[in-house]
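Report on the following structure.
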Amino acid sequence: MRKKISITLLIAITCTAQASESDSWRQFDKDSDSELSFEEFSALRIAQYAALDRNGDGKWTRKEFVQRMPDMSAGRLDSLRGKFNRWDIDEDGYWNTTEASKAIKGNFRWLDKNKNQSLAIKEFPKHF
């Protein structure tokens, strides 16, 4: 089943994403099982991506995508640039909500190491 991500939903989730970085996933764990289902993970990633849309136009440039904390290492920035390019399917220099949705699905599959359709927090990289 293909789900569309609405800009309104992106904005609404962004407004509710106020937890500290290390515990930010907890607010998305709606069933409090200390794991994120695909739907819960999608909500987390939508909030993260929505926060990157600096001008609120519903699409992300590579510059917006890699603009992060000032203490981020150059290697991490290179990794983000690569991710942006990998998911910019139509190669127009922007991510749209369809491309973001595909990236979310890809992230989930990659992180779900035991393939149980749920992400335990221990499956997340240290800096997610």
Side-chain angles (χ1 to χ4, degrees):
M1 177 186 343
R2 191 171 185 186
K3 296 182 181 180
K4 293 184 180 180
I5 304 170
S6 76
I7 299 305
T8 306
L9 178 61
L10 291 172
I11 293 168
I13 292 173
T14 301
C15 293
T16 62
Q18 299 297 323
S20 71
E21 186 175 319
S22 63
D23 288 338
S24 64
W25 64 270
R26 290 185 190 279
Q27 66 183 314
F28 297 96
D29 182 16
K30 298 302 180 190
D31 57 6
S32 300
D33 65 352
S34 295
E35 294 193 6
L36 297 180
S37 66
F38 177 72
E39 289 76 19
E40 292 167 334
F41 176 77
S42 294
L44 168 65
R45 294 303 279 173
I46 290 167
Q48 291 170 334
Y49 292 155
L52 297 175
D53 185 12
R54 308 280 190 229
N55 62 3
D57 65 355
K59 55 187 178 180
W60 303 266
T61 63
R62 189 173 85 162
K63 183 177 179 180
E64 286 175 319
F65 188 76
V66 301
Q67 188 176 6
R68 303 289 179 117
M69 301 298 288
D71 62 344
M72 186 173 285
S73 72
R76 181 76 172 121
L77 289 174
D78 288 341
S79 173
L80 289 172
R81 287 183 188 107
K83 286 179 184 181
F84 180 90
N85 291 337
R86 184 170 46 250
W87 293 107
D88 181 17
I89 296 165
D90 59 9
E91 298 179 352
D92 66 353
Y94 294 96
W95 258 27
N96 57 40
T97 54
T98 301
E99 291 166 327
S101 177
K102 289 180 181 182
I104 290 169
K105 288 176 187 173
N107 283 182
F108 186 84
R109 280 188 231 120
W110 177 73
L111 290 169
D112 188 15
K113 303 295 187 213
N114 62 7
K115 306 300 180 207
N116 69 346
Q117 303 300 308
S118 184
L119 298 178
I121 299 311
K122 65 183 178 187
E123 290 178 290
F124 281 79
K126 183 177 180 182
H127 298 290
F128 187 75

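Every heavy atom of this structure was used, including side-chain atoms; hydrogens, water molecules and symmetry mates were not. Please read these numbers as outputs of a predicted model, since none were measured by experiment.
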Quiz prompt | Rounded distance [0.5 Å steps], CZ in Phe41 versus CD in Glu123 | solution = 10.5 Å
Self-check item: Where Lys30 and Glu40 come nearest, the two heavy atoms and their spacing
Solution: N-OE2, 2.9 Å
Quiz item: Do Ile121 and Ile104 sit in the same hydrophobic cluster, where Ile, Leu, Val, Met, Phe, Trp and Tyr count as joined when their side-chain heavy atoms come under 4.5 Å apart?
Solution: yes
Quiz prompt | Single hit among Leu44, Leu119, Leu36 for side chain to side chain contact (heavy atoms under 4.5 Å, CB included) with Asp29 | solution = Leu36
Quiz item: Would you say the side-chain atoms of Ser42 pair up with the backbone N or O of Phe38, donor to acceptor, closer than 3.5 Å?
Solution: yes
Practice problem: Identify, with sequence neighbours excluded, every residue that meets side chain to side chain donor-acceptor pair (under 3.5 Å) alongside Thr61. | Solution: none
Self-check item: Heavy-atom side-chain contact between Lys105 and Lys102 under 4.5 Å
Solution: no
Quiz item: When rounded to the nearest 0.5 angstrom, what is the spacing between CD1 in Ile46 and CZ in Phe28?
Solution: 9.0 Å
Quiz item: Is there a path of hydrophobic side-chain contacts, each under 4.5 Å between heavy atoms of I, L, V, M, F, W or Y residues, that connects Leu80 with Trp110?
Solution: yes
Quiz item: Can you list every side-chain hydrogen bond (donor to acceptor under 3.5 Å, both in side chains) pair that touches residues 112-122, not counting sequence neighbours?
Solution: Glu35-Ser118
Exercise. Could you tell me which residues satisfy side chain to side chain donor-acceptor pair (under 3.5 Å) with Glu99, sequence neighbours excluded, listed by chain and number?
Key: none
Quiz prompt | Parallel, tilted or perpendicular: ring planes of Phe84 versus Trp95, cut at 30 and 60 degrees | solution = parallel
Quiz item: CZ/Arg45 to CG/Leu111 distance, rounded to the nearest 0.5 angstrom?
Solution: 8.0 Å
Quiz item: Quick one: ring pair (Phe, Tyr, Trp, His ring centres under 6.0 Å) partners of Tyr94, sequence neighbours excluded?
Solution: none
Exercise. Mind checking side chain to side chain contact (heavy atoms under 4.5 Å, CB included) for Asn55 and listing every partner two or more places apart, or none if nothing turns up?
Key: Asp53, Asp57, Glu64
